[in-house]
> 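Okay, handing you the structure first.
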Number of protein chains: 2
Amino acid sequence: MSANTTLKQVATRAGVAWSTASYAINGGPKPVSDETRERVLQAARELGYSSNLLARGLVTGRGTMIGVLVPEMHSHLTSYQLSGVEEAAQQLGYIIMLSVYRSEIDSALLAQRNMAARRMEGIVCLFDTAGSLNGRLDGILTGLAEMDLPFVSTCHDPIAGVETDCFLVDHEQGGYLATCHLLEMGRRAIAFAGPPHLNAGRDRLAGYHRAHDEFGLRPHEELIMAPSACIAHLGEEVGEELFSRSLRPDAVFAASDNLAAGMLRSLRRRGMSVPDDVALVGFDDNPPLCDALDPPLTSVHCPLEEIGRASVHRLIERLNDPQNWCPQIRTLPCTLTGRQSA
Amino acid sequence: MSANTTLKQVATRAGVAWSTASYAINGGPKPVSDETRERVLQAARELGYSSNLLARGLVTGRGTMIGVLVPEMHSHLTSYQLSGVEEAAQQLGYIIMLSVYRSEIDSALLAQRNMAARRMEGIVCLFDTAGSLNGRLDGILTGLAEMDLPFVSTCHDPIAGVETDCFLVDHEQGGYLATCHLLEMGRRAIAFAGPPHLNAGRDRLAGYHRAHDEFGLRPHEELIMAPSACIAHLGEEVGEELFSRSLRPDAVFAASDNLAAGMLRSLRRRGMSVPDDVALVGFDDNPPLCDALDPPLTSVHCPLEEIGRASVHRLIERLNDPQNWCPQIRTLPCTLTGRQSA
DNA sequence: CTGAAAGCGCTTACAG
DNA sequence: CTGAAAGCGCTTACAG
């Protein structure tokens with residue numbers, strides 16, 4: 001198959017006019033006799049013709065490519081969102097252009113220009129699911145808004161003055177879910193560990209509180225731990241502190257799988273068993289990680305692929321009917337993936 | 001900034017001819033007086049002009065986009081390779097088009113056509129690092145070869161009749177590295193666990209043997225375990241069998257981090273300590289996973305980002321000088337990431 | 001140093 | 001039902 005065959009060559013071989021070949025191949029606005037169409041299609045097949053979508057886009061003024069901006073590639077959060085984006089795009093006949101901005105605003109702005117120069121139809125911009133980028137990278141959103149490209153963003157709080165579609169994880173509901181699960185197991189001294197300076201951390205904690213409220217309980221303040229980041233090592237530290245005090249929790253809701261992993265180390269060191277002595281629920285549901293822990297970790301699953309898919313659907317909806325578009329913010333619910341730790 | 005401004009508009013505003021504007025902006029083959037250039041650039045700035053790279057590609061016959069085919073998005077192996085690919089492409093002024101083929105040949109073939117239709121300059125095709133796709137997906141490579149698009153593939157054995165650049169992980173050397181490390185620690189009964197039906201598994205085992213050879217040792221046959229896949233659960237099973245026998249290993253080289261994680265569970269159940277009783281080395285070096293284990297896992301690191309970068313560099317080298325290109329197969333070495341398990 | 005003209009591969013009114 | 005022509009936004013010989 002040669003990608004360099006042109007429509008003109010196909011037409012010549014089929015013995016028809018250039019435009020007729022186009023009509024036959026695209027089933028264009030003009031009718032073509034069955035016989036002619038067959039001749040053209042046959043010629044196209046023989047030549048391995050593949051029509052140049054870039055040239056078509058130039059004349060129709062509409063292409064089939066959308067840009068995707070991601071903060072980093074090394075996170076399963078990005079992978080899952082990207083997977084959803086790609087899947088939906090492919091299904092709708094679009095192809096995606098990928099650019100990693102490494103959580104740097106200048107890099108993102110440059111990527112936007114690179115995409116605009118290649119005439120993307122629109123852009124999907126992913127942020128950090130945990131919201132650690134929230135606020136810090138507002139400039140990306142305003143930059144996007146200044147171009148005349150339609151875009152949708154995920155996992156970043158909407159900002160004033162920027163009209164855009166936006167898909168978010170319902171961290172509060174996720175926290176609620178995890179806590180309810182532990183409460184329903186009969187646990188009454190449930191510790192929480194999560195970074196308070198992150199949007200996601202705050203929201204998950206809010207869910208934790210709502211669950212307690214509904215059960216008519218009030219968690220002891222000492223049970224709320226605030227590690228500065230979601231890494232295993234800090235989970236371990238938090239565990240050390242939590243389990244060396246007189247007030248012993250019988251469950252922990254860790255606002256991240258990594259934190260839970262560290263917690264597990266600390267519990268083991270003290271000879272406490274999970275879930276019998278202490279039940280444990282994580283957040284993120286990173287499968288290889290959760291399955292690898294001992295015991296495998298029950299964790300809150302974020303709707304990342306759904307967010308990716310929804311973003312693309314929404315973007316293309318807008319492209320197809322720009323008149324009736326208006327900005328929309330949607331928050332998607334989490335689910336609980338049960339394993340053995342709770 | 002409006003992406004829809006045309007060169008003609010810029011020229012009009014600057015009061016010069018259409019072609020002159022082009023020369024001024026691209027620093028084309030023709031000289032332009034400083035004054036004229038400044039006027040054009042000024043007009044471009046005012047209009048927020050961004051030249052249409054797609055239209056340029058149409059006339060120059062050369063674009064700035066390369067396609068990337070990946071088997072799946074949910075693996076850190078894909079993420080790391082993709083990260084390298086994106087980084088190198090961006091650095092060289094290219095932008096990448098991403099398509100996930102979900103380890104299905106038809107899907108990959110379709111993606112190839114989608115890319116050809118959008119006139120990619122070339123394609124980077126990633127396979128499964130562990131080589132589980134080897135052989136099963138030869139059709140992708142032959143499909144690629146049948147198009148006239150230059151391509152490079154990674155992590156799939158080259159196949160007869162297909163001339164292409166190819167970048168591979170040196171699994172044998174990785175296995176050698178891990179085993180030497182354990183041998184140098186003084187361990188003499190080193191078990192191996194890895195899937196024998198995978199290329200990577202076989203190669204890693206070969207490295208294990210070479211290391212023993214160099215130390216003048218011969219590992220006992222009973223120490224070589226063959227789980228059917230690299231998942232934690234099977235690692236646990238292998239561990240159960242390995243440590244219930246009379247011949248007790250004092251170290252294990254697990255051909256995957258997941259396997260090692262399962263092994264750890266089994267060791268714990270028997271009250272054996274790592275690394276004191278049994279030293280453990282994994283393979284893949286998946287950071288969040290290795291850091292989360294107890295103890296954190298020493299693991300063989302595959303040069304995935306390097307492979308991604310190298311693929312792009314090689315592809316573009318070829319694009320820049322197609323005459324002097326000839327197919328090249330390169331195998332990149334692994335390194336050992338030391339943590340606490342060995 | 002500057003401009004008029006042809007052409008990249010396509011689509012789509014406009015005539016026949 | 002089929003064809004000749006203009007035009008999408010650009011570059012690049014070819015003349016001045």
Side-chain angles (χ1 to χ4, degrees), chain A residues 1-41 43-44 47-65 115-121 148, chain B residues 1-41 43-44 47-65 115-121 148:
Chain A
M1 154 179 342
S2 163
N4 300 324
T5 317
T6 75
L7 191 54
K8 211 183 297 194
Q9 290 165 17
V10 173
T12 308
R13 172 172 261 250
V16 300
W18 198 19
S19 42
T20 304
S22 170
Y23 293 136
I25 283 171
N26 304 320
K30 285 290 250 335
V32 174
S33 72
D34 285 351
E35 197 235 311
T36 306
R37 171 178 308 108
E38 206 25 72
R39 261 219 324 283
V40 172
L41 261 27
L47 262 33
Y49 173 72
S50 147
S51 93
N52 185 334
L53 261 38
L54 265 28
R56 173 183 301 174
L58 193 57
V59 33
T60 61
R62 232 190 114 173
T64 50
M65 314 198 286
M115 297 192 156
R118 276 131 184 131
R119 298 303 184 264
M120 302 293 113
E121 296 306 292
D148 56 356
Chain B
M1 150 172 354
S2 164
N4 300 323
T5 316
T6 75
L7 192 54
K8 211 183 296 194
Q9 290 165 16
V10 173
T12 308
R13 174 172 259 250
V16 299
W18 198 19
S19 43
T20 304
S22 170
Y23 293 137
I25 283 171
N26 304 319
K30 286 289 251 332
V32 174
S33 72
D34 286 352
E35 197 234 311
T36 305
R37 170 177 309 107
E38 205 26 72
R39 261 217 325 281
V40 172
L41 261 28
L47 263 31
Y49 173 71
S50 147
S51 93
N52 185 334
L53 260 36
L54 264 28
R56 173 183 302 174
L58 193 57
V59 32
T60 61
R62 233 191 112 173
T64 50
M65 314 197 287
M115 297 191 158
R118 279 140 183 119
R119 300 301 185 264
M120 302 293 114
E121 298 306 292
D148 56 356

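What you see is a predicted model, and the numbers here were worked out from it, not measured in a lab. Lettering follows sequence order; numbering is per chain, from 1.
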> What stems show up for DNA chain C when you take Watson-Crick pairs (N1-N3 plus N6-O4 or O6-N4) and G-U wobbles (N1-O2, O6-N3), both under 3.5 Å, and require three or more consecutive pairs?
C:1-3 with D:14-16, C:5-12 with D:5-12, C:14-16 with D:1-3
> Please name all residues satisfying side-chain hydrogen bond (donor to acceptor under 3.5 Å, both in side chains) with B:Ser19, sequence neighbours left out, ordered by chain then number.
none
> Write down the protein N/O and nucleotide N/O pairs, taken from nucleotides 4-8 of chain D, whose separation is under 3.5 Å; answer none if there are no such pairs.
from: D:dA4; atom 1: N6; to: A:Ser19; atom 2: OG; distance (Å): 3.0

> Any idea which heavy atoms bring B:Leu7 and B:Tyr49 closest together, and the distance?
N-CE1, 3.5 Å
> For the backbone of B:Gly63 and the side chain of B:Glu121, can you confirm whether one donor and one acceptor N or O come within less than 3.5 Å of each other?
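Confirmed, B:Glu121 side chain pairs with B:Gly63 backbone.
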> Once side-chain contact (heavy atoms from CB on, under 4.5 Å) is applied, do any residues pair with B:Thr12, and if so which ones, sequence neighbours excluded?
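For B:Thr12 there are no side-chain contact (heavy atoms from CB on, under 4.5 Å) partners, ignoring immediate neighbours.
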> Rounded to whole Å, how long is the line connecting atom CZ of A:Arg118 with atom C1' of D:dC10?
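That distance rounds to 15 Å.
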> Output the rounded distance in Å from CD (B:Glu38) to P (C:dC1).
16 Å
> Expressed in angstrom and rounded to an integer, what is the separation of A:Arg56 atom CZ from C:dT12 atom P?
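Rounding to the nearest Å, CZ of A:Arg56 and P of C:dT12 are 9 Å apart.
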> Would you name the heavy atoms of A:Ala44 and A:Ile25 that are closest together and state the gap between them?
CB-CD1, 4.4 Å
> Applying side chain to side chain contact (heavy atoms under 4.5 Å, CB included), run through A:Arg37 and A:Thr20 and close with a yes or a no.
CA-CA 9 Å; A:Arg37 171 178 308 108; A:Thr20 304; over 6 Å; no
> Give the rounded distance in Å between these two atoms: CZ of B:Arg39 and P of C:dC1.
14 Å
> Taking only the side-chain nitrogens and oxygens of B:Ser22, find out if one of them lies under 4.0 Å from OP1 or OP2 of D:dT11.
yes
> Applying side-chain hydrogen bond (donor to acceptor under 3.5 Å, both in side chains), name anything that partners A:Arg39, two or more places apart in sequence or on another chain.
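For A:Arg39 the side-chain hydrogen bond (donor to acceptor under 3.5 Å, both in side chains) partners, ignoring immediate neighbours, are A:Glu35.
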> Between B:Ile25 (CD1) and D:dC10 (C1'), how many Å, whole number?
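Atom-to-atom, B:Ile25 to D:dC10, this comes out as 11 Å.
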> Taking side-chain hydrogen bond (donor to acceptor under 3.5 Å, both in side chains) as the definition, give me every residue that meets it alongside A:Thr64, ordered by chain and number, with sequence neighbours left out.
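A:Thr64 satisfies side-chain hydrogen bond (donor to acceptor under 3.5 Å, both in side chains) with B:Arg118 only.
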> Measure CG/A:Asn26 against P/C:dT12 and give the value in whole Å, please.
8 Å
> Using a cut-off of strictly less than 4.0 Å, decide whether A:Thr36 has a side-chain nitrogen or oxygen near OP1 or OP2 of D:dT2.
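Looking at the OP1 and OP2 atoms of D:dT2, one of them is under 4.0 Å from a side-chain N or O of A:Thr36.
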> Take B:Asp34 and A:Asn52, find for each the nucleotide of DNA chain C with the closest heavy atom, and name the residue whose nucleotide sits nearer the 5' end.
B:Asp34
> Measure the distance from CZ on B:Arg62 to P on D:dT12 and round it to the nearest whole Å.
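Roughly 13 Å, once rounded to whole Å.
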> Suppose we screen for side-chain hydrogen bond (donor to acceptor under 3.5 Å, both in side chains). Which residues come up paired with A:Thr6, at least two apart in sequence or across chains?
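Expected list: none.
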